[in-house]
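Notes to accompany the following structure.
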Amino acid sequence: MAEPTTLLYSLSGGIARITLNRPESYNAFNTTLSHELIDTLKQVARDPEVRVVVLTGVGDKAFCSGQDLKDSAATAGTRNLGQSVEQRYNPLVRLVTGTEKPFICRLNGAAAGAGAGLALACDFVIAAEHAYLLFAFVNIGLVPDTGSSYLLPRLVGLRKAMAYAALGEKIPAAQALADGLISQVVPAEGLDAATDALAQRLAQAPTKAIGYIKKMLHQSTQHDLEHALRNEQHYQELAGKTDDMVEGVMAFVEKRKPVYKGR
């Protein structure tokens, strides 16, 4: 993969860190960023050294402000936006939700439009107190994308989802926490410490089991109890064959802390 120009990537101690790096546009998506992020997510999905992924934006003003409207203004009204969604945004959601590794969104500022959808797609969202979500699509005559129409009502219920999507108003971090849209709110100066603590904990966890849990919970929203019971049987069988399961049992018997390898 070529060196990305619109994002930063690092891997250390099992923690992959992806930082959207377009501060001049509040880390908004242009075509290059969309495709570089897709490529990077594919890389972390297949890299066995990656145990957890932290997704954030550079600076303290914005995680991601959505589509860069200056980048697309010239084609407004003539561009096939459905094609753009399928090629640029749907793959992001499929990769974040479908990769069997936990994703943490370090919400360092505003998350608007596609940025809000991307944040919701992550498994954990730790937000600075000044951060907010904004499902801004309606403010320019568009509808939610980047998974928002699916994730939003499942997290907050239909009535609130309609208000958030149709009114296009800011949702401050405290309100987003109360509504179950995010996991934790911390002072801005504590954002790195809180994110790192969770990332390190997950990087030392049984990665395969975490991945199976992620798949089971996502699938549970689409099926009935009987399907969930069959899923539990299936994934428990898989988990029971992992090296980490053996290590967990041995550590319990030997009264010591387990050392999981993610295998």
Side-chain angles (χ1 to χ4, degrees), residues 20 25-30 33-34 37-38 55-57 61-73 75-77 79-98 103-185 217-223:
L20 309 185
S25 63
Y26 299 100
N27 301 320
F29 281 112
N30 61 5
L33 175 55
S34 298
L37 183 54
I38 290 170
L55 189 57
T56 190
K61 292 184 178 179
F63 165 65
C64 174
S65 59
Q67 169 62 32
D68 189 338
L69 296 181
K70 292 180 180 178
D71 184 63
S72 59
T75 57
R79 186 178 185 181
N80 186 331
L81 294 187
Q83 185 179 66
S84 179
V85 165
E86 178 56 26
Q87 292 175 349
R88 297 173 54 200
Y89 295 115
N90 288 354
L92 294 178
V93 178
R94 291 183 180 119
L95 284 162
V96 172
T97 60
F103 276 71
I104 302 170
C105 173
R106 175 186 173 274
L107 196 64
N108 53 302
L118 184 60
L120 292 194
C122 292
D123 304 298
F124 302 88
V125 183
I126 301 180
E129 287 176 332
H130 69 276
Y132 63 86
L133 299 173
L134 172 60
F135 297 92
F137 307 94
V138 71
N139 295 338
I140 55 170
L142 293 176
V143 301
D145 60 30
T146 320
S148 298
S149 69
Y150 177 87
L151 296 165
L152 189 57
R154 282 163 175 77
L155 290 167
V156 302
L158 183 61
R159 195 70 67 197
K160 245 175 199 178
M162 183 64 185
Y164 286 155
L167 299 180
E169 297 175 347
K170 292 180 181 179
I171 310 168
Q175 184 63 50
L177 178 64
D179 287 348
L181 287 169
I182 62 179
S183 314
Q184 186 179 355
V185 178
L217 294 183
H218 275 285
Q219 292 173 10
S220 74
T221 64
Q222 305 168 49
H223 300 289

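If you're wondering where the values come from, they're calculated on a predicted model, not measured in any experiment.
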I'd like to check the side chain to side chain contact (heavy atoms under 4.5 Å, CB included) partners of [X]; sequence neighbours left out, ordered by chain and number.
X: Leu167; result: Ala163, Glu169
X: Ala127; result: Leu107, Ala131, Ala173, Ile182
X: Gln222; result: Tyr150

Does a side-chain heavy-atom distance below 4.5 Å link [X] with [Y]?
X: Leu152; Y: Phe135; result: yes
X: Leu37; Y: Leu95; result: no
X: Phe137; Y: Pro144; result: yes
X: Leu55; Y: Leu118; result: yes
X: Ile171; Y: Leu134; result: no
X: Leu155; Y: Leu120; result: yes
X: Tyr164; Y: Gln175; result: yes
X: Val96; Y: Cys122; result: yes

Quick one: list whatever passes ring pair (Phe, Tyr, Trp, His ring centres under 6.0 Å) with His223, sequence neighbours left out. His227
Listed by chain and number, what are the ring pair (Phe, Tyr, Trp, His ring centres under 6.0 Å) partners of Tyr89, not counting sequence neighbours? Phe29
Supply the atom-to-atom distance [X] [atom1] to [Y] [atom2], rounded to the nearest 0.5 angstrom.
X: Ser34; Y: Gln67; atom1: OG; atom2: CD; value: 6.5 Å
X: Phe63; Y: Asn27; atom1: CZ; atom2: CG; value: 8.5 Å
X: Ser183; Y: Ile104; atom1: OG; atom2: CD1; value: 9.0 Å

For [X] versus [Y], what's the shortest heavy-atom pair and its separation?
X: Leu151; Y: Gly117; value: CD1-O, 4.3 Å
X: His130; Y: Gly109; value: NE2-CA, 4.0 Å
X: Cys105; Y: Ala119; value: SG-CB, 3.9 Å
X: Lys160; Y: Asp179; value: NZ-OD1, 2.7 Å
X: Ile38; Y: Arg88; value: CD1-O, 3.7 Å
X: Cys64; Y: Leu20; value: CB-CD1, 3.7 Å

In terms of side-chain heavy atoms, does Asp68 have a donor or acceptor partner in Tyr26 at a distance below 3.5 Å? no
Which residues pass the side chain to side chain donor-acceptor pair (under 3.5 Å) test with [X], not counting sequence neighbours?
X: Thr56; answer: Arg106, Asn108
X: Gln87; answer: none
X: Lys170; answer: none
X: Thr97; answer: none

May I ask you to decide if Ser25's main-chain N or O and Ser65's side chain share a donor-acceptor pair within less than 3.5 Å?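 Judged by distance alone, yes, a pair lies under 3.5 Å.
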Run the salt bridge (Lys or Arg N to Asp or Glu O under 4.0 Å) test against Lys61 and tell me which residues pass, sequence neighbours left out.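 With neighbours one apart ignored, the set is empty.
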Which residue pairs pass the salt bridge (Lys or Arg N to Asp or Glu O under 4.0 Å) test with at least one member in residues 129-157, sequence neighbours excluded? none
Does anything in residues 107-127 pair up under salt bridge (Lys or Arg N to Asp or Glu O under 4.0 Å), and if so which pairs, sequence neighbours excluded? Asp123-Lys214
